[in-house]
Structures are given as C-alpha cells and as structure tokens.
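Below is one structure, written out as structure tokens, with a few remarks after it.
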Amino acid sequence: MSPLLSVHNLRIGFGKAPDVVQDVSFSVQRGETLALVGESGSGKTITCRSVLRILPRAAQIRGGQILFGPEQTDLLTLPERQMRDVRGNQVSMIFQEPMRSLSPLHRIGNQVGEVLKLHENVSADEACKRVLAAFEQVGFADPERAFRAYPFEMSGGMRQRAMIAMAMVARPQLLIADEPTTALDVTTQAQVLGLIKDLQRETGMGLILVTHDLGVVANMAESVVVMRKGRVMEAGPAGPILTDPAHGYTRKLLAAAPTIPKDIEPAPPLPQEDLILEMKDVSKTFTMKSRGWQAPQLVKACQQVNLKLPRGKTVAIVGESGSGKTTAARIAMAAETADAGAEIWFRPQKGAAPVAVHDMNSAQRVAFQRQVQMVFQDPYSSLSPRMRIRQALTEPLEIHGIGTWAERRDKAEEMLRLVGLNPGMLNRYPHAFSGGQRQRLSIARALTLDPVLLVCDEPTSALDVSVQEQVLELLEEIRDEAGLSYLFISHDLAVVARLADEVAVMRQGYIVEQAPPATLFNNPRHPYTRALIAAQPKPDIRRPIDLLEVSRGAGAPRDWPEPFGFDGDDPPALREIEPGHKVRHHA
Amino acid sequence: MSILPDGRYVDDAPYDAAEDLSAIERADLDAPSWLLMWRQFRRHRLGLISGAFLLFCYLMLPFAGFIAPYGANERNALHLYAPPQAVRLWHEGEFVGPFVYPITAERDLVRFQWTYEADRSTPRPLEWFCDGAEYRLFGLIPTDTHLFCAPEGATVFLWGADRLGRDVFSRILYGAQLSLTVGLIGITVSFLLGITLGAIAGYFGGVLDWLIQRTIEILRSLPELPLWLALSAAVPSNWGPVAVFFIISIILGLLDWPGLARAVRSKFLALREEEYVRAAEMMGAKPGRVIRRHLLPNFMSHLIASATLSIPAMILGETALSFLGLGLRAPAVSWGVMLNDAQNLASIEIYPWTAIPMLPIIVVVLAFNFLGDGLRDSLDPYKS
C-alpha cells in the first residue's frame, strides 16, 4: 500500500543562497507518527511547512515531490484552489506558539468551527455540535464554556488544546505538529502529548511531529528523521535509532538529551553556617490596577519563601511558569521589593557583617550590585544589538568606575577566554554569534565584576540541547574555579539535577518540597514533585511518560491527595520529614 | 548514503562532531550597524534617488545666490509677468552656444494683460561668471559673481517673472534657503522636546507619565491651523525677516513634538522590557546612562526615519502660513511667500508660471517621504 505522504528529494532555498533543505526524503503511513528531529536551523520547520505550501515568501522550492493520499497527488504542483481544500481539511497543522496562533477577537468555538464551514458546508448547528464533541475529545472539562471563551481567557495549555481541536475537527488524514509542546510547561506537555496520541489512535491519522526533544520522540514516534543543516543525518524506525544510533550526530543529540539521572550520589544536607544568602518569610503580592469601581486585585506571586544558600553551593528553584520562582530570584537580587516582614540577608565574605538586602541605603546597594550578578534567560535579548562585545563586557566596569580603559579591555579579554571564546572577537557585534555563544557572552559580562553570587534565570532554556550541555558545564567549571555561589532558576528538573546542591520545588507561589537532588529524585514525596519527575520525557522508548502520575500532581492544590491538598491561602506548613528533606503537608 | 540492515538510512558525508565553538555564525552581520543599514537602504531605489536629490538640494543652498542669475528682490519693471524663456543652442541652423532671444513687453489693452514678443533675429549668448546683484556666499561672504546672467539688452527668466518683474527661478533658489531649513530647525526643536518628554514618560512612568500624556492629549485636541495662526499673529510686525523665520520654525516645532513624544514613549516602554536594559539596571547603571547607552542607540535609527517623515509636514506648515500671509513676510523669500502672490485665481490662469513654486514643494515633500520610507525599511538590519 502506498504511504499517506511521501516526500522525495525535497530541496528548498532562499534567494541565491545554497539550499537550506537538501534532498530530504521520508514517508508517513496511515496511523503512524514520524518525528522530524533537529536543532534550530536544521530545516525541519521549513520541510514540514512545505507540505502545506505555507513557506515564507522568499523561499523557493527548488526540486522534489510531495505525494499525498491514495491518488498520490503532488502537493507541490497542485493548483492553489485545490491546495486550499487540502489545507485544514485533509492535512492540518498545529503551530508552536499557542499564544499567537489564535485570533484574539473571535471566540474559540467560532474559530474552531470555521474549518468546518470552509470545507464541509455544514449547518451552524451541526458545526457547533461537532466542535463541542471535539472539545470534549481534547479534554475540556466544560466544552460549552470553552466554546464561548476568548483566547485570552485561557492558559497556554488550554489554548494548545483548542488548537488541537481546531486541527482535528475536520478529521484530517495527516496532522503536522510543529513543536506543539515547546512553549508549554512540562506537566502540560505530558498531557498534551498523551492527548495527541489518544486522538491518533481513535482516528488513525498520520502524524508528523517536529521537535528538538528526543524525549518527546521516544514517547510518540514510530519512525524518526534526524536533520542537521538541511540534510537528513539518519532516518528509520524509532527503536533502533534511539537505542543504537548509527550516526555521530544522533549519538551526540542523544547524549545531550536532558534526563534525570537515576543514581545521584546522596549528599549530606547542606551546612547551615556561612550562608551567603538567606531569605526569610519572603512574600510578594502584586496589585493589579483597579478598573473603574472594582477593587484592585491582589496577585500573590510568592508566599513564605525561606531559602538558605551556603557559600560555594548551588540552590535551585524549580517550577512552572507562574510559580513565583523568578519573582523570588528578583527579590533576592533587590530588583523587586518584598512585602513587609521579609528579611533577606547577604554576607559578601565569610564572617562579614550581613547586609540587609530588604533595607539597603544607596551605598550598600551599589556595593551589592557589584557582588551579585544575573545571567538572563534569552541570549537574543540580553545583549544590546548596537553595542560591540567589548562595550558590553566593559560596561559593568564603567558603571562602577573600575580601572582604566586598557585595564577594562584586558579584563574583557580575560573574561572571553574564561568562557571559552576567542579574545579576538571583542570588536564584533552580538548578532554574529549563535545562541550558545551569546549565552557565554552573557555569562562573561556577569563575571566581569568578580561577583560572589550569581543568579541564573533559566540560562539554558532558550538553547538547543547540545548547547545546553556545554553551557551547564561552563557554569559548573566557573563555580568550582572562582568559588561562586549560584541561585539557579529553572523549569527543568533535568537541568538542575547536575548542578544543584539543593532543589526547592515551587508551585503557585509556595515551596512544596525542598531537598538535595539525590533525595528529591530518589524519594519524591509531594505529588507535584512526582508529577514533574514523571512528566519529564526520557529518550528511551521503554520508559514512557506515566500520565496517571502526572495528572495526580499537576492539578490545582485542592486536588492534591491527602495530606498534601489545601484550598486557597491556607497551606500546611513545610515540614522536615528527614534531615534536609522538607515537604509541605498536613502533619 | 548507506542503508543499514534494519532499513535505516544513514548519511555518509563527513561529520565533524566537535565543530569549532568560537566560529562566527553569521559573519555577514559582523559589520557596524550603519554599514548593514546602508546595504539594506541601497536596495530601496526610490529612497536612494530621493536621498541623493535632497542631498543635492541642501548642498546647493549656500550657493543659491551664485546659481541664481538675479537677486532675490531685483525688479525688472519692463518685464512684469514675463513668461518663461527658453535657453537655446542653435540659431538658424548654426551653433551659437546657450543664448536667449530678447523679449519686449506689449500691453494688450483688449484683454488687459501683458504679452511678450521675442525678437528672433538677434540671439544674445548668456554671460558666464559675470557680475550681477550682490549677495552673500554661504550667507557670509559678500560677492556679486553669478554663474550666468542675462546678456546686455536681454533677460533670462527661465521660469518667468512675477507681478513685480522678479525672476521666479532665482526666487525659488533663494526661497529654498528658508523653506528647506525651516524644517530642520523645527525638527530640532520638536526632537529636543519630544525625546526628552517622551523618554521621561516612558522610562519613569507614574505621575510624570500621566502629566505628559495629558499635555499631549490637550495639545493634540487643539485645532492646528487656528493655533498656528494665533501664534504667528502674535509675532510683532516690526521684527526682521530672520527673527520671524526663527520664531515660525520654533512654533512649528512646538506644535509637532507630541507625536514624536508618543512614539518615543511607546518605544521606551517596549525596549525597557528587553533583558539587556534590565541587565544594565541590575548592574547599577543610572537612568541617564541606561537611556543614553542602551535605549537611544537602539531606536535612534527609528527616530531618524520619523524625523525624515515629519520634515515635509514642517515645510508644508511654513508654506501654508506664508501663503495665508501669516508666516514669513516680504522681503524674506520663501516658497510660501511666493505662492502668496499666486493667491489670485485670475493671475494663475493668465500667468500660470507664478504657481511654479508649488513644484519644488511637491518634489521635496515627495522626496522626503520616499527617503523616510527607505530609511524605515532599512532601520533594523538584524531582522532577517
């Protein structure tokens, strides 16, 4: 039997440049999932978009065939009018950004129903019924409400469900999912992946999954195409590729895939003396602007956060978006003032008098800003595009008036060497650098003032997996060499596992569990921690995501099983159950 | 390429596992941003031509008196409303070089207008580097040498003469000196106010932002033309032309800044969220430094484009005011003042060349718009 979709020797390029997709061939059977894997710039998105012919205007398809369906029609030569019938009806697509792919002005139900109106000429009633059925299928608790909702009323996960419903409602034969879960939290990702898999089983459609995450591939795909710089490196069934990769690049990707290590050396609980940073009872409430006569709304970003960071160690805060982890870090950096009653103590040197970060005068603040630096999440926005590297690296020194011009320059060169870049790059602009290089530059800039404490706000989450690994290694090296202490913020337990000496898991503003990584990963107690660990996709087809475990812990706090659940603002205390292991639960 | 026994496809091409980390990824982006912008701008042909044209116009301003054959207010009582004269090269099949036929005025008492008769028998070659009316080169050096002037016993009105027998071509050149610079002075005033207030509003927010926003709204709600009229009517009539010129350009600038301030404010709000700005703040940079080193350079190019787009508005504003008789006043010469003479519909119908000053206005305004478009497209060289 002929495959549902087959791509033969596809070549795509821009302008006069060489091909960005070179001789790519693959095929998808009915009911099969094919994963297109690769890092950014590998051409995977362009490849899958060419199936629907929704390429950027400058792109030219330079050769090849894309045959679809029982008649083996060539989608590349199909007239535009017939192509419209294919789009959405026979082949549909889920985009990466659920926040941007729904029109903010239309109700979700109408947007989803539009596909039916366009392609099947059904009555409004019938369309509504089918949309509601689709909503139920994708797991909306109240389909009627979802139908009437506007996109801004929904969370990212819910919107992605709506997108899936939109893609599924016309019962397409082929679904193309372009990084459908990359923008989502890990527990939501697990649920959305499970949902796509269920729907596929029910409808027997083919699925092309574009992703950079081998963990997702292992959970979803039957066959895999590994791409790099527009070329297929390795292609074939998922099992052999993931267990015994034949190509060097696949091996490298597999080695770099973030996993939660199984056997971490159990470490003794952190020493409690010589704390470089101590946060006591830190809470932060944001006041949303009141509208008209309504009372101003209070948003509790983080609640009763207590953290102790011993000198030379790393404490990680892990949580999903909106958990309050970044707020906590910003408070620790004095970039945000905590609610009254909070105390934050900072000891720059061993035995030095502690500085009250929550109550600094301006001289103390200047000194504090020299000693505490931050590494930012997005390497593309953390360096000013109009400043040369030298200017960016010497700026902190200039701000604090340290050294002469030549000394600053020497320092900048030294920093570049430290982060593994060539000092000859000083006169270049950030745009010439790749994401990983820029993150190194960002780290170099943070280090120029010789800080003692570094706050890392998701420093690897915007990077490709192979680069993530290198940046983490670099951070580890620098910490051990310069005796730095890190406060590390991440949404990814696997990233934290190798670096942290203690991990605090946050959910909705509260720390729910806190322990050294060995304890936390081997003996997680809190349902939310367990859900986080279970939701982490592993690049191993024998260990699929345990969706039941995920759903037990990923919900609202009131749905957590006893003795962990709580309602509203009345959480149980964070109790120590064994030395160095604290869990928030009712006694 | 090779196929493994289990049906796998594996690429055979050599693969370098440890690629050089420090290799530059996009060497083409490794140039100063002005160079990248220039590369991008070069592709916008209309913008490029307009830019070259405007550059030429502005470079010409100091030499306007040299190029013009007549002085700005030099009257030629025998040639009122003389029509445009052509400069010819051949006389009766014989090459003479640039010359004109002398014209003589005759009163047409039936239709009550001036008619001119050219004497086609005596070609008068133009004089080059000759002495004429006195003017100041660069506005400083008094001299009376002109590029070309009318030969003895003839006139050279390339674009005709006006009601008082003044040469329209020369006056357009002199008028350009004021009309083109009024936009520059106005835009400087508008920039200083707009950037300062917009930056304060965008960066500090809060009460200051509120105050500035409300001021802008009030200014914007005032009807523009009557306000101009009122302000320029307040200029004492005994002030000299230069003082009036400065006041007019400052008035135009004072009324133009709100739009710019809004643009600056919104740009500031957006840029403030960029991580490099937050990074600088966390390193302890003071607001002035953050604004100067991080915010302004990142939208200076945007400002330049928006300035290019608002200079034409200023030029048009000056023209409108002068046309209505409330802006510059004779003996100052600007395009608007010249058009003031063309207010009379009958005279435009009979002597259409009195409306010629409209042409440079249209051309310059269009050129500024095209240039602004081109600049705006090439602003962000990093957007791929």
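As a basis for the values below, the full set of heavy atoms in this structure was taken, side chains included, without hydrogen atoms, waters or symmetry mates.
Residues B:Ala280 and A:Ile399 approach most closely at O-CD1, 4.2 Å, considering heavy atoms. Nearest heavy-atom pair, A:Gln369 versus B:Gly284, reported as atom, atom and distance to 0.1 Å: OE1-CA, 3.1 Å. Of all non-hydrogen atoms in B:Asp11 and A:Val232, the two that sit nearest each other are CB-O, 3.2 Å. Counting all heavy atoms, side chain and backbone alike, B:Arg8 lies closest to A:Ala246 at NH1-N, 3.3 Å. Closest approach of B:Tyr276 to A:Pro385, counting heavy atoms only: CE2-CD, 3.6 Å.
For A:Met333, the part lying near chain B is the side chain, with the backbone staying farther off; criterion is any non-hydrogen pair under 4.5 Å. Interface remark: A:Arg231 contributes side-chain atoms only to the contact with chain B (heavy atom separation under 4.5 Å). Both the backbone and the side chain of A:Asp244 come within less than 4.5 Å of a heavy atom of chain B. Neither the backbone nor the side chain of B:Glu273 comes within contact range of chain A; no heavy atoms are under 4.5 Å apart. Using a 4.5 Å cut-off between heavy atoms, A:Pro245 touches chain B through its backbone atoms (N, CA, C, O) alone. Proximity to chain B involves both the backbone and the side chain of A:Glu395, based on heavy atoms less than 4.5 angstrom apart.
Put simply, the side chain of A:His400 gets close to the backbone of B:Met283: a donor and an acceptor are under 3.5 Å apart.
Here A:Ser381 is the residue among A:Gly424, A:Ser381, A:Gly236, A:Pro396 with the most heavy-atom pairs under 4.5 Å with chain B. Among the candidates A:Ile241, A:Val467, A:Thr250, A:Val225, the residue making the largest number of heavy-atom pairs closer than 4.5 Å to chain B is A:Ile241. When each of A:Gln377, A:Arg365, A:Arg370 is checked for heavy-atom pairs under 4.5 Å with chain B, A:Gln377 comes out on top. With chain A as partner, the option from B:Met282, B:Glu274, B:Glu281 having the largest number of non-hydrogen pairs under 4.5 angstrom is B:Met282.
Note: A:Gln391 CD to B:Arg293 CZ = 5.5 Å, rounded to the nearest 0.5 Å. Taken to the nearest 0.5 Å, the CE atom of A:Met374 stands 7.5 Å off from the CD atom of B:Glu275. Distance check, rounded to the nearest 0.5 Å: CZ of A:Arg386 to CZ of B:Phe299 gives 11.5 Å.
The number of heavy-atom neighbours closer than 6.0 Å to CZ of B:Arg45, taken from other residues, nucleotides and ligands shown, is 12 or below.
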